[in-house]
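Atoms considered below: every heavy atom in the structure, side chains included; atoms not considered: hydrogens, waters and symmetry mates.
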2 protein chains.
Amino acid sequence: MEAQIDEILKKNQLSVTGSRKRILELFLMSNGALAHGDIEKKTGEKFDRVTVYRTLQTFLEKGIIHSIPTSDNSVLYALCKDDCTEGHHHDNHVHFICNKCGKTICLADVTVPEIKIPGGFLPQDYQMVVTGLCAECR
Amino acid sequence: MEAQIDEILKKNQLSVTGSRKRILELFLMSNGALAHGDIEKKTGEKFDRVTVYRTLQTFLEKGIIHSIPTSDNSVLYALCKDDCTEGHHHDNHVHFICNKCGKTICLADVTVPEIKIPGGFLPQDYQMVVTGLCAECR
DNA sequence: GACTGACATGCAACTTTGTTGCAAAAAGTT
DNA sequence: AACTTTTTGCAACAAAGTTGCATGTCAGTC
Ligand SMILES: [Mn+2]
Ligand SMILES: [Mn+2]
Ligand SMILES: [Zn+2]
Ligand SMILES: [Zn+2]
């Protein structure tokens, strides 16, 4: 794991620092998505709030994590697959949010269907969020 | 329009007040979705910020508007169709967000496909957001 | 291993966004 | 018009996010 973290950071030309290692570790350990608040709680007093904001911003720009849309004024983040890069993301998978436990899961195997859109629109990215009950909660 | 606004409010057993009329008018006039901030700006000094929050909350509960998920810590709201009620919404349509002008449009004719989800999940609601360029911006 | 420029972090101060309790005002009812 | 219920504005607060800057840490070089 330690090695994996280093590898991810170096591959993205980021210097290996305490906060980046810790936050990346949180993503690797968690099987769901994380909100800014989650990370702040889990890192405790270890890092400044501002550092968490800036680290997530950096990860997002580098394509290490991707954001997941929600309807409740929060943004969730999850690890991208290996082949995501700064410009081009490949995280066109469906996300599942459990209405009971709140856990958000990347359904990496479920691809978002590219539907037809009438009118003059030029679609570039498709996102799909499914809410319901997860396996543990149903 | 005045009559239409009154009708919507009365149908939902809401007393007809200045702020509700004005905010409903904004939704009826706009062809896209509105964020809380948009409404605050457009109503100007006319109403307190708290009133806007509470009005949107009320409209949401009554099924007059629905929320649209976004990836940027904001929530967008748009008018529901006539047949949405407190318990049961029928706004299972795709939403389009323009990357250039930022406008968000309800594609009322495009239904969200109900995809198959593996594993023990129990899906209840499907949402789909497409980003790209709108007809004016492309 | 020490030196050094580039970059990351913490702190403080600030802005913006959202929440709550309560008294005053407005809306609906008779 | 009088009364009851609901809505609103205000104030005070809490939470979330931003910015500038001094200090600390990192990665590469000697
Ligand atoms: Mn994902
Ligand atoms: Mn809509
Ligand atoms: Zn669950
Ligand atoms: Zn546009």
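C/dG18 atom P lies 11 Å from atom CG of A/Asp72, rounded to whole Å. Rounding to whole angstrom units, CG of residue B/Leu9 and C1' of C/dG28 are separated by 14 Å. The CG atom of B/Asp48 sits 14 Å away from the P atom of C/dG18 (whole-angstrom rounding). If you take OH of A/Tyr53 and P of C/dT15, they are 17 Å apart, rounded to a whole angstrom. In this structure, CZ of A/Phe59 is placed 11 Å from P of C/dA8, rounded to the nearest angstrom. At whole-Å resolution of the value, CG in B/Asp38 and P in C/dT16 are 16 Å apart. Going from atom CD of A/Gln57 over to atom C1' of C/dA8 covers 15 Å, rounded to whole Å.
A donor atom on one side chain and an acceptor atom on the other are not found under 3.5 Å apart for B/Thr55 and B/Thr51.
Here the side chain of A/Thr51 is nearest to one of C/dC11, C/dA8, C/dT9, namely C/dT9. Candidate nucleotides C/dT17, C/dG10, C/dG21 were compared by shortest atom distance to the side chain of B/Arg54, and C/dG21 ranks first.
Between A/Ser19 and the phosphate of C/dT9, there is a side-chain N or O to OP1/OP2 separation shorter than 4.0 Å.
Between B/Cys106 and B/His66, the shortest heavy-atom contact is SG-NE2, 3.8 Å.
When DNA chain D is scanned 5' to 3' for any atom under 4.0 Å from a heavy atom of chain A, the first and last hits are D/dA16 to D/dA27.
A salt bridge between B/Asp38 and B/Lys42 is absent, with no side-chain N of the basic residue lying under 4.0 Å from a carboxylate O of the acidic one.
Residues A/His36 and B/Phe47 each lie close to DNA chain D; by heavy-atom proximity, the contact nearer the 5' end of the strand is made by B/Phe47. Nearest-nucleotide mapping onto DNA chain C: of A/Asn73 and A/Val50, the residue sitting toward the 5' end is A/Val50.
Considering only heavy atoms from C-beta on, B/Leu24 comes within 4.5 Å of B/Leu79 through its side chain.
Within 4.0 Å (heavy atoms only), B/Lys10 reaches no atom of the nucleic acid at all. B/Arg49 comes within 4.0 angstrom of a nucleotide base, judged by non-hydrogen atoms across all strands.
A/Lys62 contributes a side-chain N or O that, together with a main-chain N or O of A/Asn12, makes up a donor-acceptor pair within less than 3.5 Å.
In terms of the salt bridge (Lys or Arg N to Asp or Glu O under 4.0 Å) criterion, B/Glu114 has no residue partners (sequence neighbours excluded).
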Worksheet item: Do A/His36 and A/Tyr53 pass the ring pair (Phe, Tyr, Trp, His ring centres under 6.0 Å) test, and can you show the C-alpha distance, the side-chain angles, and the key distance before you say yes or no?
Response: CA-CA 7 Å; A/His36 173 94; A/Tyr53 279 112; 3.8 Å; yes
